Amino acid sequence: MATKKDSNVPAQPGNDKTENLAPHTADASGEFMNTNTGLRINDDQNSLKAGERGATLLEDFMLREKITHFDHERIPERIVHARGSAAHGVFKVYKPMAELTKAGFLNDTSIETPVFVRFSTVAGSRGSTDLARDVRGFAVKFYTQEGNFDLVGNNMPVFFIQDAIKFPDLVHAVKPEPDNEMPQAASAHDTFWDFISLMPESAHMIMWAMSDRALPRSYRMMEGFGVHTFRFVNAEGVSSFVKFHWKPLLGVHAVAWDEAQKISGKDPDFHRRDLWDAIESGNFPEWELGVQIVAEEDEFKFEFDLLDPTKLIPEELVPVQRIGKLTLNRNPDNFFAETEQVAFHLGHLVPGIDFTNDPLLQGRLFSYTDTQLSRLGGPNFQEIPINRPIVPVHNNQRDGHMRQTINKGKSSYGPNTLGGGYPLQAKASEGGFTSYPERVDARKVRARSKSFFDHFSQARLFFNSQSDPEKNHIVDALSFELGKVKAVSIRERMLGILSMIDKNLAAEVSFALRIPVPQDPELPVNHSIPADGDPADYDSLIVESSLTSSAALSMANTPKESIATRKIAFLAADGVDEKSLLAVKNVLESEGAVVEIIAPRRSYIISESDVQIPVDQSFLTAASVLFDAVYVPGGTNSVATIEADADAVHFLNEAFRHCKAVAADASAMQVLEGTYFAKKIPADFSDETVIKEGIVVSDDAEKLARQFVLAIAQHRFWEREKSRKIPA
Ligand code: HDE
């Protein structure tokens, strides 16, 4: 009988992903240009013509090769998650997790597992804005020694639907409407809310999607979630349930909705640029991998079903253990070859991790390979460099479009003797994957478990867990979205759903829409009940969760200690007091913030003491929405110019409206006095006031800088929104 060879020569060099990608990269520096057959090109500026003013000749094979390639440069974009940005990095586990899982990369603390992570919006096309109100994808490919493991999650822990069969309907509803292809990258339209108002199971996810979680400040400041309940399996074959989390070390932060809409115009690549710039400047984004573990025997101890993807496990019930760290440390070399061609799939598993019967998860298992076949053009997409595992691949799959591997030998079948019996199947003890032998004893039915019928208790739990400003944002988001809906019946039906979540929420949205909340909303509000289902089964729709609030669900409780990578605008002009500018700049930069000097004109300004200071942007190219905070340094002429510049005053008003920290040298106070928030400037600037109000003024640059750091770390001063008198 054949046995495994002692040394198996890897099909790819090395098992580091960067090394593994190296043979596939091309660098033209210092090289001649040639055609795809290697022929050196003598003239790439002129096509071959019958005379200088004559017709182009069909004979011009160089022209034809170039144009033909160009004609075929586009591939179908992802049907969902088309707009994305990605980066390379590493994952390291803190301590061996052998008690729970035999997965090698979760046991060996000496291994840095290479990863490729792609973030995305869901609804928009490839060229759409990053700042759409939307769920964000958070897909991680771990290139482990046992093969690729993909954790294909989102930045919200639950989903809109309970069963995969509804996914095409959900996506058709949220995508631009089919008659006029409007609106792009937005859920604020009739078809989406028509569907949602008929799908009570989406109530919980709607609370998340209407919250600030849908408007991240940065991909680097988002949580990630595996959403479904998965299984861990240890070497003894003992399984436990697991929910995966990603916890960003920079905290979880959002922008304001008005700001998001403006960023979409000023810099639609805002998140893409932010990720790229952070990595280029060595500020590597980091997340901790968290797990919530539920023992097999505790499967039924919760008020909700662990298999229901519209439910989360509150962290108060099962704490999140942080088991390792993800660091993104390298930008891709080529967007198309890597970010566009990367193919994630829930079914890319390693021994020690397995599925549950979550019906949404089960449907996804089919979808992901299927979509790559049309998106990447055939069954050999796993051979694309970014998708190849770092371990060698040997099996009897052959041929197909664009096959890269040159398989040697006669046998492409098993069992065989002509190939010496290779490649071999591996026993479990040799790393062969075996599915968890879950006991199955059931009838074949198209049905939903009654344990999936409570659609509102966790939506209510989420709403109750929010701070007041966060609740207001949800009310505003629903009022905006439903305000864009033309059909009155849809708005009414949605108010019915909201009233089942929270009466005050429904009342506030009803006030904004000027439509009464239906007194007796249709129960069940679910046209997706099977034709022969019994509506009485749905009586349990209104259930109370025994937990009234969960701190982990509110972004207000996120850590607010660091200002690392925050972007601070300095508004200055000729005559700036160099000391007042540099002292604050130095402190902010020493805390890891990024300072940009913005002036009426580009290139440079000249300080009071005649020093030339470089300018990063002019008021023409900069905008307050692209920054986290703003400072006005002193200097008589600079202050006078800024005070008189309408763009600068607008910048300050808008930063204030979006609840950002604002600081000014005491000698620049007159600039703040010319703003609409002049009356709100506090009288004292103690640390407490600064943390509460977010405005700092001082004639002591060191003290100002320290207080400014405290204020920026608070991220936003949402209380300011109470008064909406800022015409920015
Ligand atoms: Fe996906 N999803 N999805 N999804 N999904 C895709 O695969 C699908 C779902 C998620 O950066 C597609 O390669 C079905 C939940 C992410 O490349 C497609 C169902 C969650 C990404 C697909 C779901 C996700 C995708 C489109 C319901 C969070 C982007 C292109 C059963 C846990 C990955 C592609 C990337 C992409 C199908 C539901 C996350 C069509 C059928 C739930 C992050 O296969």
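Counting starts at 1 for both ligands and their atoms, following the listed order. Since this is a predicted model, take the numbers as computed values, not measurements.
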Which of the numbered atoms in ligand 1 are under 4.0 angstrom from any heavy atom belonging to [X]?
X: F344; answer: 11 (O), 17 (O), 33 (C), 35 (C)
X: G226; answer: 32 (C)
X: Q372; answer: 13 (O), 34 (C)
X: R118; answer: 11 (O), 17 (O), 35 (C)
X: I79; answer: 40 (C)
X: A164; answer: 31 (C)
X: V227; answer: 28 (C), 32 (C)

Trace of the ring pair (Phe, Tyr, Trp, His ring centres under 6.0 Å) decision for W287 with F119: CA-CA 13 Å; W287 287 260; F119 304 104; 5.6 Å; yes
Passing option when F232 is tested against F241, Y436, F244 for ring pair (Phe, Tyr, Trp, His ring centres under 6.0 Å): F244
Side chain proximity check, L478 to L498, heavy atoms < 4.5 angstrom: yes
No-hydrogen, no-angle side-chain donor-acceptor test under 3.5 Å, T310 and E201: no
With a 4.0 Å cut-off on heavy atoms, is [X] touching ligand 1?
X: F138; answer: yes
X: G84; answer: no
X: A82; answer: no

Criterion salt bridge (charged side-chain N to carboxylate O under 4.0 Å, His left out) on R448 and D163, from CA distance to verdict: CA-CA 9 Å; R448 207 169 292 197; D163 191 309; 5.2 Å; no
Sole candidate of I111, L106, T113 that passes side chain to side chain contact (heavy atoms under 4.5 Å, CB included) when paired with T144: T113
Which atom of P76 lies closest to which atom of R375, heavy atoms considered: O-CG, 3.3 Å
Charged N to carboxylate O below 4.0 Å: is that the case for [X] and [Y]?
X: K247; Y: E223; value: yes
X: R231; Y: E438; value: yes
X: K311; Y: E303; value: no

Residue portion contacting ligand 1 (non-hydrogen atoms closer than 4.0 Å) for T371: side chain
T101 side chain to A103 backbone, donor-acceptor under 3.5 Å: yes
Winner among Q362, R78, H345, R136 once heavy atoms are compared against atom 17 (O) of ligand 1: R78
Atoms of type N/O/S from protein, distance to atom 1 (Fe) of ligand 1 below 2.8 Å: 1
Face-on cation placement of K141 at F344 ring, 6.0 Å and 45° thresholds: yes
